Undergrad: 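Take a look at this one; I'll ask things after.
Each ligand, and each atom within it, is numbered from 1 in the order the structure gives. All values below were derived from every heavy atom in this structure, side-chain atoms included, with hydrogens, water molecules and symmetry-related copies excluded. This chain uses plain numbering: 1 for the first residue, then up along the sequence. As the structure is a prediction and not an experimental result, all values here were calculated from the model.
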Amino acid sequence: MHHEMNTDLYDSLKGLRENIPRLADLLGLGMDEEIGFWNEVVDAKLLSRFAPDFPVVAAICGGGSSGKSTLFNSLAGVHVTPTGGRAGLNRRALFSIPVQRAKHNDLLTELARSFNEVPRLLKEKEELTRPGKPLYCTHQSALENVVIVDTPDFDTGAKGAYTNRQVTRMVLEASDILIYIFTNSNYNNRDNTDFIAQMLTGIGKRKCFLVYRVYPSFTEEEVWEHAMTVAAGIYGDLADRYLLGVYRADEDNRVASGERFMEIKPASSEEPDFLQALQSIDAGRIRLSLFSSTLKDVCQQAEQVLNQSQVARDELRLYHEALQIAQDQFVREALKNFPINRIMRRFAQIWAETDPTHVKLMRKTGSVIEFPLKMLLGAAVWAKDQMSPEKDDAVPKDDYAQKVDEDLVTAVTGLHRQTVSSELVVDCSAQDRLARRMSDRVDRIRAGKNKGEKENPLITRSGDGSTLTFRVEAHAVVHSEQARLMSTDFKTVLQTILAGKDKILGISREMEADLNQLAHDFRSRMDLRRKISQTFWAALNVVPATVAVTYVLTTGDPVGGAGIKVKLAGLFGAKDLYALFAIPFTSGLKKADRQQVEDMLRVLLQTWLKDKSKIVQKLFQKNITGGTIRCARRTSAEADHLINHTDELLLTCTAGTKYNDIDTTVKCPQGAQQD
Ligand SMILES: Nc1nc2c(ncn2[C@@H]2O[C@H](COP(=O)(O)OP(=O)(O)O)[C@@H](O)[C@H]2O)c(=O)[nH]1
Ligand SMILES: [Mg+2]
């Protein structure tokens with residue numbers, strides 16, 4: 001069960017380690033230093049150790065000449081490290097790795113991360129007596145999943161003290177558990193235990209096995225008593241929580257002479273065999289509690305990055321939306337003076353072509369046909385004049401091409417400026433759905449940002465609350481796209497767009513199909529509503545409905561027009577459209593008929609606007625905003641995905657921090673524990 005938990009935690013942490021820097025990079029959070037530091041902690045302190053198959057690392061420590069090196073050799077099953085002689089003989093850390101694992105270079109690197117060195121293979125014993133990089137050797141003993149580390153003496157004289165202190169700290173840092181060996185002459189030496197206690201305070205308490213190198217004559221009680229003195233010296237009141245087991249190694253001259261290895265026996269008979277106990281250490285569990293505070297810190301920092309990513313993602317969306325609003329506004333600007341007369345003329349043609357035979361016949365007999373067409377064209381021009389803000393009566397009918405040029409230049413210049421600007425400023429109607437969504441987004445961004453940060457006036461409301469002004473800083477994510485656009489010659493951009501003008505002026509195939517559909521729809525509706533249709537035809541003296549289009553342009557009533565106004569307002573701006581229907585009602589068309597021609601006009605205008613807006617928008621996107629919009633869209637989609645995934649991973653990792661395992665591992669035999 002613990003194994004599963006550890007695998008989950010490991011996988012989640014690994015995912016987190018990938019996602020956090022990616023998010024920061026993707027959204028340009030600009031916290032490279034913090035992220036770099038976070039990466040290092042996760043790599044060095046957590047990931048390396050949370051790998052489910054990482055061996056247990058046991059550091060042998062204790063006072064000088066306690067028998068550390070002798071114990072090391074005994075566990076490894078070979079005489080690799082020098083023993084005896086002066087205290088402080090060993091100056092380096094020596095790792096003994098199960099021979100099966102020795103080929104994994106990664107393991108070596110991970111083992112000695114605290115040293116910032118990769119251990120080198122020990123060639124001759126004498127190397128150990130000179131200070132330097134950590135070394136390693138291999139063992140073939142039963143300890144297939146245990147790495148043993150021999151520590152230099154730490155209680156040596158002034159000269160070597162400092163170096164060995166450092167090495168000792170690094171060894172302890174690299175370890176999961178300790179094997180502390182002591183003798184009858186140093187079990188109550190407070191200096192030794194204080195030193196270890198201090199080290200563990202700095203790097204996190206490790207659990208420990210105690211090995212007493214003792215005279216065979218010592219009783220179980222004496223062994224326990226002295227062991228408890230050592231344990232209390234290292235762990236104070238918490239001794240029984242951190243003690244993994246107490247063992248004895250009886251003095252034997254054959255060990256000293258190298259004839260045989262130390263024999264390590266349980267201090268009391270109920271305890272398991274030492275090698276067995278060492279092998280069955282649940283390293284995952286131990287590491288989880290050992291590093292739970294580091295894991296907690298790492299999770300907290302990850303959460304902060306995640307929050308900042310959410311804010312940055314929202315800011316990016318806001319920028320994206322503001323740019324789209326700006327673009328829509330410039331599209332309308334560009335269409336301000338487009339000649340809708342062409343479309344009207346074409347519709348009139350289609351209508352006439354699809355007239356029933358008897359109507360066609362009637363048309364052939366009278367000049368009435370020509371009249372509405374002419375009238376239609378005139379009315380359309382008039383309507384266009386009404387639609388441009390500054391009424392320019394001087395514009396001749398056929399001078400629209402030039403007007404279109406001017407409007408396009410104005411729109412292109414404006415949109416280009418906004419797209420490369422360091423701050424996007426857009427006004428929109430407070431009623432607009434997108435504007436309302438943006439307004440909510442601004443609230444969310446503010447809530448997500450730290451209070452201390454200076455308030456950025458992202459949004460301003462007009463005095464009467466009818467308009468909202470958004471000021472959105474160009475997001476870091478789109479800076480490169482902005483630079484790209486700026487490096488493109490503006491004149492080229494402009495010319496490319498102007499070259500597409502014919503496409504704007506013409507009637508696209510799509511639009512042609514729409515107009516045909518429109519004519520068909522109206523005709524079939526007229527058939528269905530026979531009565532109205534009869535009145536309609538009667539009123540217009542069997543004039544084709546093209547006249548009706550003209551009719552509404554010249555006689556349209558503002559009340560009937562209200563419906564159209566509302567529907568088109570979003571596309572075209574209410575004021576311009578209003579002009580269409582502000583024409584005095586002069587003829588006696590019945591209300592129902594009027595409604596019908598108004599309906600037709602509405603759809604006609606909508607079709608026209610939809611078609612033209614799409615064309616202009618495409619032109620603008622292709623030449624100005626496309627790169628930025630795509631970049632913003634792609635990045636926020638990717639950020640969404642990453643944020644959701646990271647959130648899940650963080651949940652699993654945070655659950656890991658709640659786990660704590662400092663339970664009683666060893667029970668003292670009755671009466672053996674002393675105060
Ligand atoms: N008589 C005896 N001497 C031992 C035994 N174990 C170790 N020694 C000796 O104690 C001395 C110190 O041992 P060593 O392993 O080098 O201790 P370290 O300084 O803690 O590494 C050496 O001379 C060893 O031969 C033992 O069981 N019996
Ligand atoms: Mg030694």
Undergrad: Relative to the heavy atoms of A256, which atoms of ligand 1 are at a distance of less than 4.0 Å?
TA: 1 (N), 2 (C), 3 (N), 4 (C), 25 (O)

Undergrad: Ignoring hydrogens and geometry, is there a side-chain-to-backbone donor-acceptor pair from S141 to L75 under 3.5 Å?
TA: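 Pair found, side chain donor or acceptor close to backbone of L75.
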
Undergrad: So do Y180 and N192 actually touch side chain to side chain, heavy atoms under 4.5 Å?
TA: yes

Undergrad: Name the atoms and distances for all side-chain donor-acceptor pairs under 3.5 Å in residues 251-258, with sequence neighbours left out.
TA:
| unit_1 | atom_1 | unit_2 | atom_2 | d |
| --- | --- | --- | --- | --- |
| E251 | OE2 | R213 | NE | 3.1 |
| E251 | OE2 | R213 | NH2 | 3.3 |
| D252 | OD1 | R254 | N | 2.8 |
| D252 | OD1 | R254 | NE | 3.3 |
| D252 | OD2 | R254 | NH2 | 3.1 |
| S257 | OG | N253 | O | 3.2 |
| S257 | OG | R254 | O | 3.1 |
| S257 | OG | E259 | OE2 | 3.0 |

Undergrad: Does R444, at its CZ atom, have more than 12 non-hydrogen atoms belonging to other residues, nucleotides or ligands within less than 6.0 Å?
TA: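 More than 12 within 6.0 Å, yes.
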
Undergrad: Between R165 and Q198, is there a side-chain heavy-atom distance shorter than 4.5 Å?
TA: yes

Undergrad: If the cut-off is 4.0 Å to any non-hydrogen atom of S69, which atoms of ligand 1 fall inside it?
TA: 15 (O), 18 (P), 21 (O)

Undergrad: Mind listing the closest non-hydrogen atom pair of G64 and D153 along with its distance?
TA: CA-OD1, 3.3 Å

Undergrad: With sequence neighbours left out, write down each residue that passes salt bridge (charged side-chain N to carboxylate O under 4.0 Å, His left out) with K133, or none if nothing qualifies.
TA: E117

Undergrad: Considering only heavy atoms, does T70 approach ligand 1 within less than 4.0 Å through its side chain, its backbone, both, or neither?
TA: both

Undergrad: In terms of atom number and element, which parts of ligand 1 are under 4.0 angstrom from non-hydrogen atoms of M262?
TA: 6 (N)

Undergrad: Closest approach of E481 and T628, non-hydrogen atoms and distance?
TA: CB-OG1, 3.8 Å

Undergrad: With a cut-off of 2.8 Å, how many protein N, O or S atoms neighbour the Mg ion (ligand 2)?
TA: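 There are 1 of them.
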
Undergrad: Check whether any N or O atom of G67, backbone or side chain, sits under 3.5 Å from an N or O atom of ligand 1, and answer yes or no.
TA: yes

Undergrad: Return all side-chain donor-acceptor pairs below 3.5 angstrom for residues 23-38, not counting sequence neighbours, or 'none' if the list is empty.
TA:
| unit_1 | atom_1 | unit_2 | atom_2 | d |
| --- | --- | --- | --- | --- |
| W38 | NE1 | V298 | O | 3.0 |

Undergrad: Contact between ligand 1 and S65 is defined here as a heavy atom of the residue under 4.0 Å from a ligand atom; is it met?
TA: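 Per 4.0 Å heavy-atom rule, S65 contacts ligand 1.
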
Undergrad: Show the nearest heavy-atom pair for residues N90 and P152, with the distance to one decimal.
TA: O-CB, 2.9 Å

Undergrad: Pull out every atom of ligand 1 sitting under 4.0 Å from any heavy atom of N253, numbered as shown with elements.
TA: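 Listed by number with element: 1 (N).
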
Undergrad: Where on D153 is there a heavy atom closer than 4.0 Å to ligand 1, on the side chain, on the backbone, on both, or on neither?
TA: side chain

